[in-house]
Amino acid sequence: MNLFDDVIIDIQKLSFSRGERPIYSDVDIKIPRGKITAIMGPSGTGKTTLLRLIGGQLRPESGSILIDDQNVPELSRGDLFKIRERMGMLFQSGALFTDMSVFENVAFPLRVHTDLPEDMIRDIVLMKLQAVGLRGANTLMPSELSGGMARRVALARAISLDPDIVMYDEPFTGQDPIAMGVLVNLIRHLNQSLGHTSIIVSHDIQETLGIADYIYLIADASVIAHGTPEELKQVDSPQVRQFMHGLPDGPVPFHFPAGDYSDDLLQGGL
Amino acid sequence: MDRLALLGRAGLDKLAAFGRSSMILFQSLIAKPQPVMMFPLLIQQIYFVGVLSLVIIVVSGLFIGMVLGLQGYTILVDYGSEQAVGQMVALSLVRELAPVVTALLFAGRAGSALTAEIGLMKATEQLSSLEMIGVDPLRRIIAPRFWAGFICLPILAAIFAIVGIYGGAIVSIDWLGIYDGSFWANMQNSVDFGEDVVNGLIKAIVFGFVVTWIAVFQGYDCIPTSEGISQATTKTVVYSSLAVLSLDFILTAVMFGEL
Ligand SMILES: Nc1ncnc2c1ncn2[C@@H]1O[C@H](COP(=O)(O)OP(=O)(O)OP(=O)(O)O)[C@@H](O)[C@H]1O
Ligand SMILES: [Mg+2]
């Protein structure tokens, strides 16, 4: 069976730039339904930007982002909020509500979008927190959590409504090996048992290769390679091999676009 | 030529900001209000914005009333008309000082706090994550704060005026020995409800609207960094003060001037 028989998000000819700098130019990306798709690429290439474009928080200059035939950039404000109820997003920074406890943070999407009775909300919240290993922390305030814990709470919040599409922005960053293993299993489990479509942005190549069904490698405002993990391992392009093996030197620039280094240093005068 | 271009740029930026702030105002207040969801949030904000501002309003009102009593007495006593001090205290408070000083204090106490709070929510991506949860931050965060400020300022101004009049009475009657019957009677005869009280209230309502609008807009529109938030907080206080003082002149000219 072909992965792309059933596509949930279809991005066509997407272009977006920040000021003069193109972040995407004419990019096509398809996200298969019910699968785990990974977006990888060097820091600062626009992975977070892509998630925000899908969520309708940024508007592309051209191109379309179809989620089940609804074009996100063209949705009205009301429809946009409606379609977001089908999405969960784990922000890179966690972005917990600092005026609510861990429990209330996870309960928040349930309270605003459902009419569930209180004891049911309680059960769901505790289940989600148990899944990320933080049921015991449910009374804490976000300021009392470590960075890694906050991100796991944010993950529990992102999945509390059981959304169709879950977007994880670097879910593994700042987790110890045990928590990392738990999260990998959790994401895989959510995907297999509940049929979520997952989009993972990550730098952790091994973990990502382990769980992703399909991978897009992004660099220089375009998709430089895509395929299943097996296919990507076979790709012979130097750019792809450099990234997959984490080599500092090669065609993928590690540096933000800049002028000549020695010129820059000399300009300051001696 | 460059300067001219810069001036034009700055003008356009201001105009664009005004456009954005009007959009925010429209989307948070007018488009589809949700009173049921709003109510508990509104009560909470009235507490933060209004109740917590009470102390500064009461203390300032008391002192300003007392100063008015003293100053009024020293001037009026030269003309032998110190009985009119009650009238002077009440009129200056109700017409001018209560709405204006309350609005200025409110901008410093509550407006800056609103800006900083909303700005920090933006910087920590809390507003973005609300959006992604499918909740409009304009309705959930901005609207209750806006209404709270709008409702609280006139009430605070009224409290300011009442406490101020009391302060004036303490000084004039208890310390300076003005006969209390004439103090209150003079006040009653000269303060006109429709003319003075209503106009003072209208001023307070206008200031409440403007100050809170500036505060929530500056927070929502700030650059989401520490410097951005500190700039936005400063702007809230400066712009609100300027707006209050200039609007006060315009409103006074319309209400009391023979224009
Ligand atoms: N608000 C903004 N204003 C201007 N430029 C921005 C803004 N946000 C991001 N950028 C630029 O857009 C580019 C892409 O940013 P993005 O956050 O999508 O990168 P990323 O791929 O998620 O990187 P990382 O892996 O480090 O999180 C960056 O180079 C950044 O300079
Ligand atoms: Mg990122």
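Predicted model only: the values in this text are computed from it and were never measured. Here is how names work: the chains are called A, B, and so on, in the same order as the sequence lines, proteins then strands, and each is numbered from 1.
When heavy atoms are compared at a cutoff of 4.5 Å, B:L120 does not approach chain A at all. Proximity to chain B (any heavy atom under 4.5 Å) is restricted, for A:L96, to the backbone atoms N, CA, C and O. Heavy atoms closer than 4.5 Å to chain A are found in the backbone of B:T124, but not in its side chain. Neither the backbone nor the side chain of A:R86 comes within contact range of chain B; no heavy atoms are under 4.5 Å apart. When heavy atoms are compared at a cutoff of 4.5 Å, A:M89 approaches chain B solely by way of its side chain, counted from C-beta outward. With a 4.5 angstrom heavy-atom cutoff, A:T98 touches chain B via backbone and side-chain atoms both.
Per-residue heavy-atom pair counts under 4.5 Å with chain B were compared for A:Q92, A:H113, A:M167, and the maximum is reached by A:H113.
A side-chain donor-acceptor contact under 3.5 Å links A:T48 and A:D169. Remark: the B:T236 side chain and the B:Q218 side chain contain no N/O donor-acceptor pair separated by less than 3.5 Å.
For the pair A:N105 and A:P142, the minimum side-chain heavy-atom distance is below 4.5 Å.
Taking every heavy atom of both residues into account, B:Y220 and B:P137 meet most closely at OH-CG, 4.4 Å.
The distance between the ring centers of B:F209 and B:W213 falls below 6.0 angstrom.
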List the steps and the verdict of salt bridge (Lys or Arg N to Asp or Glu O under 4.0 Å) for B:R140 and B:D136.
-> CA-CA 6 Å; B:R140 170 109 199 163; B:D136 189 344; over 6 Å; no
